[in-house]
Amino acid sequence: MKKKLVISTGAGMSAESGISTFRDAGGLWENYDVMEVASHDGFVRNPALVHQFYNARRRDLLKAKPNAGHLGLVDLENDYDVYVITQNVDDLHERAGSKNVLHLHGELMKVRAIDDETKVYTLRPDALETTPETEIDGHRVRPHIVFFQEAVPNIEPAIDLAGEADVFVVIGTSLNVYPAAGLLHYVRPGVPVYYIDPHPAAVPAGVTVIPLPATAGVERLASILRSKG
């Protein structure tokens with residue numbers, strides 16, 4: 001039976017694919033105040049602006065491609081039972097070929113009904129634009145994104161995965177975004193933990209830090225895992 005390799009990815013995973021992040025820009029994301037375009041209150045105040053913002057993010061995503069880091073994680077499925085927990089709302093892990101991806105903060109290419117959050121719809125590449133008036137199956141929709149001020153529905157299954165890991169890896173995150181950053185604390189004692197980031201945050205003793213961007217870091221990780229058999 002293959003060992004379970006659980007990988008938690010953040011914005012740094014997609015940075016080399018050209019996906020912009022807001023935490024490197026002092027709270028601005030594409031020159032927008034994050035709380036205006038990515039919070040519950042912001043959506044209530046100005047839903048048209050929020051729809052406009054995510055329309056633009058979807059157009060950017062269509063131009064992006066999975067990088068060598070994404071593809072390297074897929075290669076690890078040859079030897080491990082790989083599960084990806086991602087804070088990213090892009091679909092680059094899926095486009096690279098990862099089979100098991102859990103999105104903590106939602107998915108950019110999806111919208112959901114405002115009056116029934118169980119009704120989630122995938123947008124087509126040729127029909128990405130939404131507005132406050134957009135209806136699907138008779139429902140007004142909103143971005144399928146976990147806004148600031150909203151709960152993270154998938155955190156419980158993510159915690160379960162972290163607790164089941166035989167190897168746990170964190171890639172491209174500042175470890176400042178909770179509850180995702182707390183997953184590290186659910187890994188069983190004695191399980192090897194690796195942290196890939198060019199500007200790594202402080203981590204508990206025993207964590208192997210690989211101070212590289214995602215593409216080079218995943219290559220280094222694969223080499224380390226191969227050497228350990």
Side-chain angles (χ1 to χ4, degrees), residues 2 4-22 29 38 53-113 117-130 136 141-147 152-162 164-165 167-173 177 180 183 196-197 213-219 221-222 225:
K2 292 179 180 178
K4 181 172 281 192
L5 172 58
V6 179
I7 302 162
S8 176
T9 68
M13 187 77 227
S14 298
E16 292 170 274
S17 292
I19 302 293
S20 60
T21 70
F22 65 83
W29 190 1
F53 177 79
Y54 285 100
N55 290 341
R57 302 287 72 70
R58 292 184 198 111
R59 290 194 295 270
D60 290 344
L61 178 54
L62 282 188
K63 301 172 194 168
K65 294 180 180 179
N67 61 52
H70 295 102
L71 297 170
L73 297 187
V74 178
D75 289 341
L76 290 172
E77 293 184 11
N78 293 323
D79 300 306
Y80 292 88
D81 190 12
V82 178
Y83 289 81
V84 176
I85 303 165
T86 187
Q87 298 174 51
N88 299 335
V89 298
D90 62 60
D91 59 357
L92 296 179
H93 282 299
E94 288 91 343
R95 282 161 56 190
S98 285
K99 293 186 180 69
N100 304 303
V101 183
L102 180 69
H103 285 268
L104 287 181
H105 296 158
E107 298 180 64
L108 187 55
M109 298 300 288
K110 295 181 179 181
V111 293
R112 70 173 184 264
E117 63 183 23
T118 67
K119 295 188 183 301
V120 178
Y121 307 97
T122 300
L123 298 172
R124 300 193 318 272
D126 61 344
L128 295 178
E129 306 283 322
T130 62
I136 301 177
V141 296
R142 54 161 278 180
H144 185 48
I145 300 292
V146 177
F147 293 142
V152 179
N154 279 336
I155 192 62
E156 291 299 332
I159 288 170
D160 291 343
L161 281 173
E164 296 164 359
V167 181
F168 190 77
V169 181
V170 178
I171 304 176
T173 169
V177 181
L183 292 175
I196 298 170
D197 195 279
T215 51
V218 169
E219 186 177 6
L221 172 71
L225 293 178

Trace of the salt bridge (charged side-chain N to carboxylate O under 4.0 Å, His left out) decision for R58 with E129: CA-CA 9 Å; R58 292 184 198 111; E129 306 283 322; over 6 Å; no
Approximate separation, where rounding is to 0.5 Å, of L73 CG and I7 CD1: 4.5 Å
Interatomic spacing from NE2 in H70 to OG in S14 - rounded to 0.5 Å: 3.5 Å
side-chain contact (heavy atoms from CB on, under 4.5 Å) assessment of V111 paired with Y54: CA-CA 10 Å; V111 293; Y54 285 100; over 6 Å; no
Pairs satisfying salt bridge (charged side-chain N to carboxylate O under 4.0 Å, His left out), at least one member in residues 6-18, at least two apart: none
Atom of L104, atom of V152 and distance for their closest heavy-atom approach: O-CG1, 3.3 Å
Separation between CD of E164 and CD1 of I159, rounded to the nearest 0.5 Å: 12.0 Å
Candidate pair R142 and T130, rule side-chain contact (heavy atoms from CB on, under 4.5 Å), full reasoning: CA-CA 8 Å; R142 54 161 278 180; T130 62; over 6 Å; no
N88 backbone acceptor or donor facing H103 side chain under 3.5 Å: yes
Pairwise salt bridge (charged side-chain N to carboxylate O under 4.0 Å, His left out) hits with a residue in residues 103-113, at least two apart: E107-K110
Nearest heavy atoms of F168 and A162, plus distance in Å: CE1-CB, 3.9 Å
Minimum heavy-atom distance between P153 and V146, given as atom pair plus value: CD-CG2, 3.9 Å
Rounded distance [0.5 Å steps], CE in M109 versus CG in L61: 6.0 Å
Sequence neighbours excluded, every pair satisfying salt bridge (charged side-chain N to carboxylate O under 4.0 Å, His left out) that has a member inside residues 71-94: E77-K99, D91-R95
D60 side chain vs K63 backbone, donor-acceptor pair below 3.5 Å: no
Donor-acceptor under 3.5 Å (N154 side chain, H105 main chain): no
Worked verdict on K4 versus L161 for side-chain contact (heavy atoms from CB on, under 4.5 Å): CA-CA 9 Å; K4 181 172 281 192; L161 281 173; 4.3 Å; yes
K65, NZ atom: more than 12 neighbouring heavy atoms under 6.0 Å: no
side-chain contact (heavy atoms from CB on, under 4.5 Å) assessment of V6 paired with L183: CA-CA 11 Å; V6 179; L183 292 175; over 6 Å; no
Atom of S98, atom of V74 and distance for their closest heavy-atom approach: N-CG2, 3.5 Å
Exam field: side chain S17 to backbone I19, donor-acceptor pair closer than 3.5 Å: no
Cation over ring face, R57 and F53, 6.0 Å, 45°: yes
side-chain contact (heavy atoms from CB on, under 4.5 Å) partner of H144, the single match among V89, L123, V120, L108: V120
